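Quick notes on the structure that follows.
Please read all numbers here as calculations on a predicted model, not as lab measurements.
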Amino acid sequence: MPELPEVETVRQGLAKWVAGRRIASVEVRHPRAVRRHLLGADHFADALAGRMVVDVCRRGKYLWLPLDSGDAVLGHLGMSGQLLMQPATVADEAHLRVRFTFDDGGPQLRFVDQRTFGGLSYSEGGAELPAEIAHIARDPMDPLFSDAEFVAALRRKRTEVKRALLDQTLISGVGNIYADEALWRAQLHWARATDALTKPAVGRLLGHVRDVLSEALVAGGTSFDALYVNVNGESGYFDRSLNAYGREGEPCPRCGTPMRREPFMNRSSFSCPRCQPRPRRGISPASRSGVGRGRPGCSSTDDSLASEPDNRDLTLRGSPRWASDR
DNA sequence: CCTGCCGCCTGCGCGC
DNA sequence: TGCGCGCAGGCGGCAG
């Protein structure tokens, strides 16, 4: 399940391998992989042939490849998507969906996706920020992310706190795993009402979200200079550092109480019954407040994690804000 | 306008 | 041994 750390790891690896290369041809092996592209697979392939990839950018869990035409290839990994660099001599993967070849004859870019929840599309004029994802909020690592705005927006919501963390229009990049981890660190139950949380409590939660994401990013980045850019979230290096997710019945690392698993949105939420007590009251019924306005923005992460030829220790390069922030 | 639920997919592991 | 079923889950669409 690629969330921000996994997608960012892929972005860094990809940028190093495809930026500045010209696409020779694109082969769509499975139409569902480009279902978001309404003009069809043929148009998708034709529009990309001859274009040069300028960079690789990310917004939340979306990636896009700005092209020299001012357009972009927009992609989402879904749950099982991978973007792999492979020499042409390597046999096709079982779930290869789209293949990009380059005019330099170097490694191919392959979109591989078992469950096909992910996909690619062609975004006209989307080099700066594809219109399709303009509604996605910035992520908490983004220098332009506003803590105060997030705190206010979350507290305006009439919902459960975990739903808010997963709401990509409020804060992007957080999925089920890191939401549970941040809530565990903040000692908040997932069903806590957003409008009943104090500003300091939301601020602390945000700090934990940031910590968890940055720690996982460091762990996921350990091998990103390999040719094979693995994106399968399940095989991440951060697994052993999880305190809550997937640990039903195991002792809470903080107090030793067996962790519980509860149904949540047709999936699961993991928490500690003692550290994260269930809220007494649920979501307040009705009462309306002001509107929230999303505003447009530019590309989020093309600078702070610039990839360099040899950067195993990405934690220290360019001293990203979150490395020293707490 | 806002919230919450559904459906999309496929592989894996479990129970019978 | 084989089969069916539950589960994993991000996100767009839509109902209420």
Side-chain angles (χ1 to χ4, degrees), chain A residues 1-8 10 29-38 58-64 74-83 93-98 111-121 123 130-137 139 152-181 190-196 209 213 231-236 238-239 242 244-249 261-270 282-294:
Chain A
M1 297 122 262
E3 301 180 31
L4 185 151
E6 293 78 23
V7 180
E8 174 60 19
V10 172
R29 301 286 304 270
H30 195 303
R32 191 175 150 75
V34 294
R35 67 192 180 286
R36 295 248 159 246
H37 188 66
L38 303 179
R58 179 183 61 78
R59 181 85 155 208
K61 302 169 194 171
Y62 281 93
L63 289 169
W64 76 93
L74 177 63
H76 196 289
L77 301 174
M79 291 181 53
S80 54
Q82 294 175 287
L83 285 164
E93 292 76 8
H95 302 287
L96 174 63
R97 307 306 189 194
V98 181
F111 179 65
V112 177
D113 191 3
Q114 291 181 350
R115 301 183 208 177
T116 63
F117 269 47
L120 305 177
S121 63
S123 176
E132 296 89 333
I133 58 170
H135 65 287
I136 303 291
D139 67 66
L154 183 140
R155 296 179 72 241
R156 274 199 302 268
K157 289 279 184 186
R158 300 273 184 273
T159 189
E160 297 162 348
V161 65
K162 183 170 174 181
R163 289 178 184 272
L165 287 181
L166 298 178
D167 183 345
Q168 303 296 301
T169 67
L170 269 187
I171 183 173
S172 68
V174 181
N176 199 39
I177 296 174
Y178 298 122
D180 275 4
E181 291 303 307
W190 54 266
R192 291 284 292 269
T194 48
D195 59 349
V209 169
L213 293 179
V231 221
N232 189 340
E234 293 187 83
S235 59
F238 197 63
D239 284 11
L242 295 179
Y245 185 83
R247 300 194 65 250
E248 181 185 19
R261 170 186 173 277
E262 296 170 291
F264 169 79
M265 289 173 75
N266 271 339
R267 60 199 71 160
S268 298
S269 233
F270 299 90
I283 304 305
S284 59
S287 95
R288 213 148 281 254
S289 64
V291 271
R293 268 225 98 65

So what does A:R35 hit on the nucleic acid, given a heavy-atom distance under 4.0 Å: a base, only sugar-phosphate, or nothing? nothing
Does [X] put a side-chain nitrogen or oxygen below 4.0 Å from OP1 or OP2 of [N]?
X	N	answer
A:H30	B:dC9	no
A:K157	B:dT3	yes
A:R163	B:dT3	no

Pairing residues for [X] by the salt bridge (charged side-chain N to carboxylate O under 4.0 Å, His left out) criterion, not counting sequence neighbours:
X	value
A:R247	A:E250
A:D180	A:K162
A:R261	none
A:R155	none

Quick one: list whatever passes ring pair (Phe, Tyr, Trp, His ring centres under 6.0 Å) with [X], sequence neighbours left out.
X	result
A:Y62	A:H76
A:H37	A:H43, A:F44
A:F270	A:Y245

Between which residue ranges does DNA chain C form stems of three or more consecutive Watson-Crick or G-U wobble pairs, both distances under 3.5 Å?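 Ordered by first number, the stems with DNA chain C (at least 3 consecutive pairs each) read B:2-16 with C:2-16.
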Within the distance-only criterion (no hydrogens, no angle test), does the side chain of A:R97 pair as donor or acceptor with the backbone N or O of A:D113 below 3.5 angstrom?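 Present.
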Please write out each protein N/O paired with an N/O of nucleotides 11-15 of chain C under 3.5 Å, distance rounded to 0.1 Å.
unit_1: C:dC11; atom_1: OP1; unit_2: A:H76; atom_2: NE2; d: 2.5
unit_1: C:dG12; atom_1: OP1; unit_2: A:Y62; atom_2: OH; d: 2.5

